[in-house]
Each structure stands twice: as structure tokens, then as C-alpha cells.
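Worksheet: the structure to be examined is printed underneath.
Convention: sequence-line order gives letters A, B, ...; per-chain numbering from 1.
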Amino acid sequence: MLRTDPPAPTAPATPRASAVRRPLLLAAGLCALVLCAALSLALGSRSIPLATVVDALTGAAHGGDADVVTGLRVPRTLIGLTVGAALGVAGAVAQGVTRNPLASPITLGINAGASLAVVAAIYTLGLSQPVEYVWFAFAGAAVAAVAAYAMSRRGGDLDPVRLALGGTVLTVVLTSWTSALMLASHRTLDEARFWLAGSIAGRHLDTLTPVLPFLALGLIGALAVSPALNALALGDETAQALGVPVARIRVVGGLAVVLLAGGAVAVAGPVAFIGLAAPHLVRPLLGNDHRWLLPGCLITGPLLLLAADVLGRLVVRPSEIEVGIVTAFLGAPLLAVLARKVAR
Amino acid sequence: MTALDLSAVRPARTLARRRTRTALWSLVAAALLVLLTGIALGTGQVSISVWDALRALFGQGEPGDVLVVQQFRAPRVVSALIAGAGLAMAGSMLQRLFRNPLAAPDTIGITGGASFGAVLMLATGASQQLIPLAAVGGGLLAALLLGGFAWRSKMAVTRLVLVGLAVQQGLAAAVNLMIVRFPAELASSALQWTTGSLYGRNWTEVWIGGTAIALTAAATLLCQRRVSVLDLGDDSAGGLGLNPARDRLWLLLLTITLASLAAALTGPVAFVALAVPHLVRLLAGPPTLGTLGLTALTGAVLLLSADLLVLHVIPVHGLPVGAVTATLGAPWLLVLMIRQGRLPQRSS
């Protein structure tokens, strides 16, 4: 909504120091991620010792605890890793393409579009399983994003400010329609409200497999445009002068965001703030260079999502809080802090 | 909205012409208001002519008509009028105080706070009568959070709006949590409070809400001179002997109360507060005391028209009025903003 340009990438003071520091930080992040994944496998309404988890993974252990690990927590953790990574990268690319530090997949109306499509599908077709929602969510996300892009076209190029504004307005409209549908039918409300909260619980891997090709394609697109995003941060004219095809980069980047965020919302439902937070947490550590920012987000995204999911399982044991609600609760103060920094 | 309002230094003729235009549009809006009220009171399963419906509102005419109009239709119509006027006034004031065309009770989290308060009251299982009170409390809570996070010795506009967004998101998460945890019946009522609708209003609510909104609106009108001086910019206002930071704070508090009261009556009806001030600016120029009256009238007319659409034109049962205002208001606002290039600037 409010646009403030991020500082242009600056050359690090001592190139050699950062050449060592960045890989080290990435490795540290990776270790934290592995730890988090282990916790995600071990903790929950029923805590399982790590030794049993390892035995279950290698197939050495059988019985109750091992079945919980292999049947429930492994799919959940894998889905969390994938969704988190997709959201983190999508956020970084969205912020780079729109040159707006407050942009995120939500700004494009992706979550709202997916929500409306899923609620409409539940209302008309009477679906009741997350695995049945996948295609509707993906289609809704794509349509909403295309609509947001269409609104922001100007002379063949995308106008970042229009994109942010249009996406926000689109979100409000789609959300009001979603509410209207849910108010019209109790059954729809009862089915949809759990999905709408955003959760990675109770899903099998067959929810994830259909969207994996899209996520992979989105990731390739994101990595392909990441060097050009550095030039884009200097402003359209400068980037053009440097020989970067600005319009084409925006289209490819936008497409990558839609594929990644659309795939994520199709699997987990609307999970907010991961896409916004991951780039902001990575930037102070790795700098503004998108070639490092993207891998950083690839690690930070799943780290945040899994940490939030584990936290949601622990606070109200034996029940649990949906991961989407936990991220929203944690993300709100973060956004407030960010606002202070941005609007200094 | 431009950072500096130059209406005070314009030649007197322009000013006079603008005043005439404001007065004319106010007359049009008032006439529309009466006509639409008559139509709204007269339409339904029992059809009553516009004139008879208006007479029945004041207890004249056939007893059957009076019963239908006074007991069943009037509370809803009057709620729409009051809430529309209150939201529009609050929106106009917020846009001036924040000097940001996107500032509105919706965008800075006030109406979100009102939903939170109402839903929280539903969760405790308290009586229906307490819910509007809780909504006002929620709105003020949102304002407190906003102030707590964003307050510095000077108020930076961008920061306030962004922190408002954060407050909105946090409170929405809390509401979402309750909706997921509630039994299905209660979840539906809770959702109703996040969308804005006019079903099931009764006279008690209308009287209490209406009186409170009228008092707050009157206080807002009395402060207009001060707002006009603040429009000149903090430095100029300071030079003219005001304490800009303190005055702005008090005016904000007043405006927030107004918005919360309106949201307590209907729930957060989207886009009325955001769109009406822009419409009025288009019709009658930059905001003054006179246009604030026009803003209130326009808000009332628009919300009532949207509700008429919901009740008698769109064949969907139980459609919340907020869905209609969002659908109609959003594209219009978007086109307006893009066309005028009045996009959020890097301010403060």
C-alpha cells in the first residue's frame, strides 16, 4: 500500500569477509532448519524421544510411536518444509519485483483468491477433504493474481504501486464474497473455517505431489530472475540502461510468485506473513543481493513455518493452534516493528 | 489528499462558488435520503407507498402500516443511515488528520478492533445487549495498540498507517482463532461481525448507538475550525498558537470513537469510510465544515442504497451489506485513484 523503496544493494565493505560470512550463515541456517525439522518430528500432543524418531525413520522401530512419526509427522514436516520454502522465496521475489518492502504474496490477492475458490467449491460441490481443494485453490490463486496484474498494466509494463493497491483492494472484495458465501450456508462455514485458518496438519503427501511440478517451475523462475532483481532495485530507468529487460523480468518474476504462492496456499491454506517476514529477516544478515537473498529465504521460510507449527502444537497441548494463526499472531508485531523502521 | 490545503488562500469568488456547490449537493443528498428512506420503509412483503411509509414512521396513517414500519423496517433503515453517516464522517476526518487518502477506520484497524470486541463478547456468552458496547471497547483497544506502537514525540503519518495495518492483522488473527474454535452456530454470528451487516437491529440498539453517534458527530463538527488550521501543516498550526501534536491526538480519539460506535451498530462495512470522502471531494472540493455535512449525508444515502440492493434487488438470502459495499466501492475507488494519480506518497 504505502511504497518506500528499499535501499539499493551496496557493495559490502570488505568483499572477502562477506565471501566467508555468507556461506557460513547459510550453513548455520541449514543446521537450525534440520534441528527444527527434528523437533517437528518429535514434539506434539505426544512427545516422542529423538532416538525413537531416528529408529522409526530408519525402519528399525515399529508400533504406536513409530507409526505416529512415519504416518503423521513425516508428511506434516515435509509439507511444512516445502510450503515454507515456497512462501519465503515468493516473498523475496514479490518484494524485488514490486520494489516494495511490504509486498508479499498476499498483496497480489493470491490468498484471497484461493480462499474464495475453495469456499465456492465447498458450497457448490460439497467437498470436505483438503486434498480435494488443491486444484480449486491453485486456480483461484492464479485467477486473482492475473486480475491483480491486469489492473496494474500500463503501457505493456507493470506499475508496482498500482499492483500493490489493486491487490489490496482485490483482497478486500474477495474476502467479503467469501464471508457472504459462508454466511449463506452453515455447512460451508463449518467445513471451510479450518482450511481458511491455514494449517499443515492432517494432510498426506498426496496433497503435496500434484503441486510439486509447479513449485519447482516457480523456484527455477525465481532463481533465474534473481540477478536481474538487483538491477531492478536501482529503478526502472537505471535497470533499462544497464541492459535489463525490465518488463520481461517483471512478468517472469510475477509468474514465479504466482506458481510458488499458489502452490503453497493450495497445500496449506492461506498462511500469512512468512513471505513478508523471511526476506526482512534475511536482509540484515546476507545483504540486499538477491543472489544471496533467495537462498536465504529458501532456508528461513521453512524455518519460520516449522517453528510456528511446533509452537502451535505446544501452547495448548493436547490440542493445537493452526499454523496460519500462529504466524499471523507473531507476524503482526513484526510488521509493526518493520513499519517503524520503514517510516523512520 | 495534498499535503497542504490551500482553500484558505483561494480568491473569495472560488470559495463562494464552492459553497454554493456544497449547498446544492447537500440539498440533492437530503432529498435522496428522504426518498430512499420512504422506499426502504415501504418495500417488502407488505407494500406501502413512499408517502404513507414516511407518515407511518411518525405514527400517522393505518395502524397496520405503522406496526410494520415502526417495528420491523425502521430500526434497520435508521441503523443504516446513522452508521453510514458516522463511518463517512470518521473516514473524512481520518484522511485529513493523517493527510493520507488511504486512511480509514478499516485500514488503520479500528473496525477490526470493533469486530474483535464483538466476537470476544460472543465467546464469553454474554447477553446480546453488551455486544455493541464491546465493539466500542474493541475499537478503542485497537486505537490504544496503535498509539502504543506508533507513538513518538511527533506522529509520522506513514508509520501510523502501517502500524494500523499490523494491528488490524493481529486482531484479525484473534478473531480467526475464535471462529475456528467456536461451535458452528456461534462461528456464523462471529463471521457476521467481521463483514458488516444490518440484520436483526432493534430500537434499543438504535437509540443508544444513535445518541452516542450524534453526540460524537456534534463534537466533531464543533472542532472543525481547529481541523482547518491543522490542515495548513503542523508548523503553520504551531505558529498560529495551536499545539498540533496534542490537538491531533484529541481529534483522533474523537474520530476513532465515532468510527467504533458506527461499527458497533453494523459491524465493519467496507469502503464506506474510505470511498465517501473521495466522492465528496469530487463533488464539492476540499473538505470544509460544509462538506463534512455533505459527507455524512452521502454516507447515509450510500449505505441505505446498498442495503436496498441487498434486500430487494439481489436474490441471495442473508447477504451481508458489507459484501455489496466492497464490490461496488472497491473498483470505483481504484479507478478514481489511478486516474487522479493521487497515490500514496512518501510522506512524513
Legend entry - From B:Thr194, B:Leu319, B:Thr195, residue fulfilling side-chain contact (heavy atoms from CB on, under 4.5 Å) relative to A:Leu183: B:Thr195

Inset, instruction - For A:Arg193 and B:Phe182, indicate whether the former's side chain and the latter's backbone hold a donor-acceptor pair under 3.5 Å. - result: yes

Inset, instruction - State whether the number of non-hydrogen atoms from other residues, nucleotides or ligands found under 6.0 Å of A:Tyr123 atom OH is greater than 12. - result: no

Inset, instruction - Using a cut-off of under 4.5 Å on heavy-atom pairs, state which of B:Pro320, B:Pro331, B:Gly196 scores highest against chain A. - result: B:Pro320

Legend entry - Between B:Ser197, B:Ser188, B:Ala330, B:Pro183, the one whose heavy-atom pairs under 4.5 Å with chain A are most numerous: B:Ser188

Testing the basics here: between [X] and [Y], what is the closest heavy-atom pair and its distance to 0.1 Å?
X        : Y        : value
B:Arg181 : A:Glu322 : NH2-OE1, 3.2 Å
B:Gly322 : A:Ser176 : O-CB, 4.3 Å
A:Leu189 : B:Ala187 : CD2-C, 3.8 Å
B:Leu191 : A:Met182 : CD2-CB, 3.5 Å
B:Leu177 : A:Ile325 : CA-CD1, 3.5 Å
B:Ala166 : A:Ala332 : CB-O, 3.3 Å

Legend entry - B:Ala172, part contacting chain A, at a heavy-atom distance under 4.5 Å: neither

Inset, instruction - Please state whether the side chain, the backbone, both or neither of B:Phe271 comes within less than 4.5 Å of a heavy atom of chain A. - result: side chain

Inset, instruction - Using a cut-off of under 4.5 Å on heavy-atom pairs, state which of A:Val173, A:Val326, A:Thr327 scores highest against chain B. - result: A:Val173

Inset, instruction - Name the region of A:Leu181, side chain, backbone, both or neither, that has any atom closer than 4.5 Å to a heavy atom of chain B. - result: neither

Legend entry - Spacing of CD1 belonging to B:Ile179 relative to CG belonging to A:Leu196, to within rounding of 0.5 Å: 9.0 Å

